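To start, the structure itself, in structure tokens.
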Amino acid sequence: MSKVRTRFAPSPTGYMHVGNLRTALYAFLTARNAGGDFILRIEDTDQERLVDGAVDIIYNTLKENGLVWDEGPDVGGDYGPYVQSERMGIFKDYAVQLVEKGEAYYCFCTPERLAKLHEEQKAAGEAVGHYDRCCRELPREEVERRLNAGEPYVIRQKMPTEGTTYFDDLIYGRVEVENSELEDQILIKSDGMPTYNFANVVDDHLMGITHVVRGNEYLSSTPKYNLLYAAFGWETPVYIHCPPVMKDAHTKLSKRNGDASYQDLVAQGYLKEAILNYLLLLGWSPKGDEEYFTLDEMIKRWNPAWINKAPAIFDIVKLRAFNAQYINRTSDEEFVKLARPYVESVVKRPINLELLCVNLKPRCEILSDIPARVAFIQEMPEYSIELYRNKKFKTTENDALVALEKLLPALEAVQDWSRQGVYDACAPLVAELGVKAGWLLYPLGIALSGMQATPGGGTDVAAVIGKELTLERMRNAIAKLRAEL
RNA sequence: GCCCCCUUCGUCUAGUGGCCUAGGACGGUGGAUUCUCAGUCCAUAAACAGGGGUUCGAUUCCCCUAGGGGGUGCCA
């Protein structure tokens, strides 16, 4: 058996949506799992959708996710060029070959005639759009004559009129259609350029693609592709059609709907490893209960036959959960690197960043959760002294005042201003007062942050923001309580 | 209109005729634990679209219905 070769063939639209990334991942895994090659082909022939810098987005997205391609526009290869617009010259000869084999024919029908035809079909209640095969049996001499006269033409595929055509899909099984349903589709347009349907088949064959991995919107067209392979006498590839990634039960995820692209998600503080891992499982499942995989593990475990048939709804809540897990699994050092820009975007004063990050790590699902959690460090928010009331410790504002007044001198005396140092100064008071630690320390957190939920307990916050600021805020908190009680 | 495809907890899914009193994960709920909140641990509710067959036995096979998606371009 020949070496497995798969390709990812995106349009450079400037928007890598997660469904595309997933298709790229599946194609990559299908190749790598079999020890085969992964090819990148840029399909840039749709000028309307062409966007500057879009190719770089494709390169960068694949690269930063480790989806390394063996052949592509930038790295070359034996089957180039890998940019479709540079291949435009090669298709017409293949179409002419088919004409000579009697598998295709020249059609001189004008767009006007076709439009009229469609109207008539509509009026008669027939299937709209199907060409009436007017030029299919034109005498050879007439064809020659009109060609020589420079009449505009297209080349159409000659479809069988009876019987059925099928293909076997790895995911969907056998898909069969009546040949009578098939239209004599255009292969070469009047401008001499190939249609997508034609170029795609020729490109895949010329590039030696053995496994075609793509979205299932091509399911209905694939029988026609198989007919093309047969007309040329080429071997058909293994087809792997993937169900779409949905926004909800009715609509696909798309740029048009303003749905988040891969790069949007990264900008929001999702880790690329988490995104890829989530995408892996969106429509595919391994045998077994494990869910967290590195790229290497994905390659080992991959089996394209386990792709699910049904559409999958993209669930941001579950992605957040995956992201939280990935954040939790990073080392402390690594997390500091990730979190630093988010912290420093709002905190401009000196703090114990390492300690803050240790406390932040289990408390954020995505990196962009960070600013709102640490903003209090830069500036105390307005807050109500009602925050001091706590059911669990049965404390009131009055208790808080007592606690803070006890705490202040104890903390003023602390020399070792670390988390442990601060806590050691508080512990004796807990024993002395015969209260729970929370009774004493919960008010501290409020006094230092003006918030009920902080990254870490009172002693953590104190250690993070430093002695000077801690004492200042405690004094302010005591004054506020005295004034408002 | 015609053609193709899909349908298991709210969501992602396991399940290929008996192992299913339908499993896991996220989310939900309840509890334990910690100086708040998280995290962690434990427990719990929650699904085979509907109707016919086939079979000793259907989530699994067949048919119909419903719902959904896609295709039907000189777009890709």
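These numbers were taken from a predicted model, which means no experiment stands behind them. We use all heavy atoms of the structure for the numbers below, so side chains are in, but hydrogens, waters and symmetry mates are not.
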For [X] and [Y], work out which heavy atoms get closest and say how close.
X	Y	value
A:Gly438	A:Pro443	O-CD, 3.8 Å
A:Ile370	A:Ala339	CD1-CB, 3.7 Å
A:Leu138	A:Phe108	CD2-CD1, 3.9 Å
A:Tyr388	A:Ala400	CD2-CB, 3.4 Å

Heavy atoms under 4.0 Å, any strand shown: does [X] hit a base, just sugar-phosphate, or nothing?
X	result
A:Val317	sugar-phosphate
A:Cys109	base
A:Arg214	nothing
A:Ser285	sugar-phosphate
A:Ser221	nothing
A:Tyr218	base
A:Gln185	nothing
A:Gly445	nothing
A:Ala437	sugar-phosphate
A:Lys361	nothing
A:Gly288	nothing

Of all the nucleotides listed ([options]), which has the minimum atom distance to the side chain of [X]?
X	options	result
A:Glu183	B:G24, B:G73, B:A76	B:G73
A:Asp315	B:G73, B:G10, B:G71	B:G10
A:Pro311	B:C6, B:U72, B:C35	B:C6
A:His250	B:C74, B:G68, B:C35	B:G68
A:Ala321	B:G71, B:C35, B:G27	B:G27
A:Thr45	B:A38, B:U11, B:A76	B:A76
A:Ala310	B:U7, B:C74, B:C12	B:U7
A:Asn308	B:C75, B:U13, B:G27	B:U13
A:Lys318	B:C35, B:C6, B:A25	B:A25
A:Ser190	B:C37, B:U11, B:C74	B:C74

What distance, rounded to whole Å, do you find between the two [atom1] atoms, one in [N] and one in [M]?
N	M	atom1	result
B:A38	B:G28	P	11 Å
B:C20	B:G57	C1'	13 Å
B:C42	B:A47	P	24 Å
B:G70	B:G31	C1'	48 Å
B:C41	B:G27	P	12 Å
B:U8	B:U55	C1'	22 Å
B:G24	B:A46	P	14 Å
B:G67	B:G30	P	39 Å

Can you check whether [X] has a side-chain N or O nearer than 4.0 Å to OP1 or OP2 of [N]?
X	N	result
A:Lys252	B:G68	no
A:Asn216	B:C4	no
A:Gln325	B:U40	yes
A:Lys436	B:C35	no

For this session: For the pair A:Asp204 and A:Arg41, find out whether any cationic side-chain nitrogen is under 4.0 Å from an anionic carboxylate oxygen.
Result: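 Salt bridge between A:Asp204 and A:Arg41, a charged N being under 4.0 Å from a carboxylate O: yes.
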Over how many whole Å does the gap from [X] atom [atom1] to [N] atom [atom2] extend?
X	N	atom1	atom2	value
A:Leu429	B:C35	CG	P	15 Å
A:Arg363	B:G39	CZ	C1'	7 Å
A:Ile313	B:U8	CD1	P	10 Å
A:Met88	B:C75	CE	P	12 Å
A:Tyr172	B:G69	OH	P	14 Å

Under 3.5 Å for both donor-acceptor distances, Watson-Crick or wobble: does [N] have a partner, and if so which one?
N	answer
B:U60	none
B:A25	B:U11
B:U72	B:G1
B:C20	none
B:G30	B:C42
B:U55	none
B:G67	B:C6

Problem set entry | Residues A:Asn200, A:Tyr218; criterion side chain to side chain donor-acceptor pair (under 3.5 Å); working and verdict | CA-CA 11 Å; A:Asn200 196 261; A:Tyr218 295 101; over 6 Å; no
Hey, what's the ring geometry for [X] with [Y], parallel, tilted or perpendicular (30° and 60° as the breaks)?
X	Y	value
A:His205	A:Tyr229	perpendicular
A:Trp284	A:Phe293	perpendicular
A:Trp302	A:Tyr26	tilted
A:Tyr442	A:Phe393	tilted

Exercise. When the nearest nucleotide of RNA chain B is assigned to A:Glu181 and to A:Tyr442 on a heavy-atom basis, which residue is associated with the more 5' position?
Worked result: A:Glu181
Seminar exercise, completed: By nearest-nucleotide position on RNA chain B, the 5'-leaning member of A:Ala249 and A:Ile186 is A:Ala249
Exercise. Got a donor-acceptor pair under 3.5 Å from the side chain of A:Ser220 to the base of B:C3?
Worked result: no
For this session: Measure from the ring centre of A:Tyr423 to the centre of the six-membered ring in the base of B:C35, then say whether that distance is under 5.5 Å and the planes meet at under 30°.
Result: yes
